[in-house]
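Only one structure is covered here, and it is reproduced in the block below.
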Amino acid sequence: MKNIYSNIYKPTNNNLSKAKVVIEKGGVVAIPTETVYGLAANAYNTRAVKKIFSLKKRPSNNPLIIHFKNIKQIKKEAVINKNFLRLVKRFSPGPLTYVLKKKSGSRISKIANKGLATLAVRIPSEKNTIKLLHILKCPLAAPSANRSKSLSPTTAKHVAEEFGNSIRMIIDGGACKIGIESTVIDLTTKPKILREGGLSSEVIGKFLKIRLSEKQNKIIKSPGQIGLHYSPGMPIYMNREKATKDGALITFGKKNYSNQNTFNLSTGGNLKEAAKNFFNTLRIIKNKKFKSISVNKIPNKDLGKAINERLRRAAYYE
């Protein structure tokens, strides 16, 4: 399909160098990751970080995840521990974010972590973003490239639809391989899952040989902990077999539905495939202007936990 957006760029070495210049000058660039697309800025530059919050209309009490090129760079900003070293060597680069204690001499903008004594850090695996990180001298503050509380983007086109030309550069890395945000684990005390995501908490717990706590903190240490989030802007009803009038139905597994209002996340009942299709499916339904979304029961295991968590957040109203 022809690119009709003037701010979407192929991830050539020349364009990555251009993105580097934009970031070094305090600008914001949309980048691909294996999870979702992110709005990236120099994590050391407070003015640049403020631009992210402004573009997203993000609450100031919601900290950002900082993306690093390697463990060595993380060690300069955060206090590492045994659990971090074990996990990062096994699961990173990849869709796992670690909440660690921030070093007293850290250069990360206090705006990025809302002045907390902790940092949310990760090493992405998307090849083009890793290339960009390696030619930069700074880590990147990079939350999802969407307006606050709305659907996360899994293609460059989604970002362009969301922000138009208010973002100078969008690096097109294709559709995200995982399609759902990173899992967040707090390692400042006993390991605790703060957000389900692209790496199953069950896999993490089995690797650490412990039962991971999922009790939410009163202090927001990472994204994905606020109330309404990931919303398509319409009511969502979980564990349903039928759609409401003028509503869409999201199915999972082999279902004998053939209506135009039915959208299947994975006919084979594959939770990885369902997670990859999740946000794109919600976006299609939103663009078709349905009035509500009913969703089949999604198994609450593996990546199904992450899907269900997002459905609950999307359906949340204060």
Side-chain angles (χ1 to χ4, degrees), residues 23-24 26-31 33 35-81 83-85 87-88 92-93 95-124 129 133 136-149 152 181-197 216-227 229:
I23 290 168
E24 287 177 342
V28 176
V29 173
I31 60 171
T33 77
T35 56
V36 299
Y37 275 71
L39 285 186
N42 183 346
Y44 296 147
N45 186 328
T46 293
R47 183 175 293 181
V49 172
K50 284 182 176 179
K51 288 180 182 179
I52 292 177
F53 280 90
S54 178
L55 282 165
K56 285 179 63 68
K57 298 181 180 178
R58 185 184 181 93
S60 60
N61 68 334
N62 197 1
L64 307 179
I65 292 173
I66 312 301
H67 293 64
F68 294 81
K69 61 185 175 184
N70 53 33
I71 300 173
K72 182 179 178 181
Q73 193 180 39
I74 291 176
K75 288 180 179 180
K76 294 179 180 179
E77 312 297 337
V79 179
I80 63 169
N81 54 49
N83 282 325
F84 168 75
L85 289 174
L87 289 169
V88 79
S92 295
L96 183 56
T97 293
Y98 313 91
V99 174
L100 302 169
K101 292 180 181 178
K102 184 180 180 181
K103 279 190 172 179
S104 58
S106 172
R107 295 171 57 197
I108 301 295
S109 168
K110 291 182 179 179
I111 301 295
N113 75 321
K114 74 163 197 173
L116 291 169
T118 56
L119 279 179
V121 307
R122 93 172 179 103
I123 305 172
T129 291
L133 282 165
L136 285 165
K137 294 181 180 179
C138 62
L140 293 171
S144 56
N146 58 302
R147 304 286 185 189
S148 182
K149 300 182 180 180
S152 297
E181 295 87 353
S182 63
T183 303
V184 181
I185 186 168
D186 186 351
L187 298 178
T188 57
T189 54
K190 183 179 178 181
K192 179 188 301 181
I193 296 296
L194 300 184
R195 179 179 74 183
E196 294 284 352
Q216 292 296 305
N217 290 336
K218 292 182 180 179
I219 299 174
I220 297 175
K221 292 185 175 182
S222 76
Q225 292 184 269
I226 60 175
H229 209 31

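Not measured: the values here are computed from a predicted model.
Residues Lys102 and Asn113 are in side-chain contact: their nearest non-hydrogen atoms beyond the backbone lie under 4.5 Å apart. The shortest side-chain heavy-atom distance between Ile108 and Tyr44 falls under the 4.5 Å cut-off. In this structure, Arg122 and Thr33 have side chains that are in contact, with non-hydrogen atoms separated by less than 4.5 Å. Counting only heavy atoms from C-beta outward, the side chains of Leu136 and Glu24 approach each other to under 4.5 Å.
Considering Val79, Asn81, Asn83 in turn, Asn81 is the only one that fulfils the side-chain contact (heavy atoms from CB on, under 4.5 Å) rule with Leu100. Of the candidates Lys76, Lys101, Glu77, Ser106 forms a side chain to side chain donor-acceptor pair (under 3.5 Å) with just one, namely Glu77. A side-chain contact (heavy atoms from CB on, under 4.5 Å) with Leu64 is found for one member of Lys56, Arg58, Lys114 and no other, namely Arg58.
Applying the side chain to side chain donor-acceptor pair (under 3.5 Å) criterion to Gln73, with sequence neighbours excluded, gives no partner residue. Looking at residues two or more places apart in sequence or on another chain, you find no side chain to side chain donor-acceptor pair (under 3.5 Å) involving Ser54. Residues satisfying the side chain to side chain donor-acceptor pair (under 3.5 Å) criterion with Ser152, sequence neighbours excluded, are Glu181.
Judged by distance alone, with hydrogens and angles left aside, the side-chain atoms of Ser109 form a donor-acceptor pair with the main-chain N or O of Ile111 at under 3.5 Å. Distance alone, capped at 3.5 Å, places no donor-acceptor pair between the Arg107 side chain and the Asn45 backbone. Lys51 places a side-chain N or O within donor-acceptor distance of the main-chain N or O of Gly26, the cut-off being under 3.5 Å.
Between the OG1 atom of Thr97 and the NE2 atom of His67 there is a distance of 6.0 Å, given to the nearest 0.5 Å. Between the NZ atom in Lys192 and the NZ atom in Lys190 there is a gap of 10.0 Å [rounded to 0.5 Å]. Atom CG of Leu39 and atom CD1 of Ile52 lie 6.5 Å apart (nearest 0.5 Å). Going from atom CD of Glu196 over to atom OG1 of Thr183 covers 6.0 Å, rounded to the nearest 0.5 Å. We find the CG-OH distance between Leu187 and Tyr98 to be 8.0 Å, quoted to the nearest 0.5 Å. Taking CG of Leu133 as the reference point, atom CD1 of Ile123 lies at 9.5 Å (rounded to 0.5 Å).
Atom CZ of Arg47 has 12 or fewer heavy atoms from other residues, nucleotides or ligands within 6.0 Å. Counting heavy atoms of neighbouring residues, nucleotides and ligands inside a 6.0 Å radius, atom NZ of Lys50 does not exceed 12 of them. More than 12 heavy atoms of other residues, nucleotides or ligands lie within 6.0 Å of NZ in Lys103, so this atom counts as buried by the packing criterion.
Annotation for Phe53 and Pro59: closest pair CE2-O, 3.5 Å, computed over non-hydrogen atoms. Between Leu140 and Ala43, the closest heavy-atom pair is C-CB, 4.1 Å. Heavy atoms only, all atoms of each residue included: Asn42 and Ile23 are closest at N-CG2, 3.8 Å.
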Apply side chain to side chain contact (heavy atoms under 4.5 Å, CB included) to Arg195 and Ser182, showing your working.
CA-CA 8 Å; Arg195 179 179 74 183; Ser182 63; 3.1 Å; yes

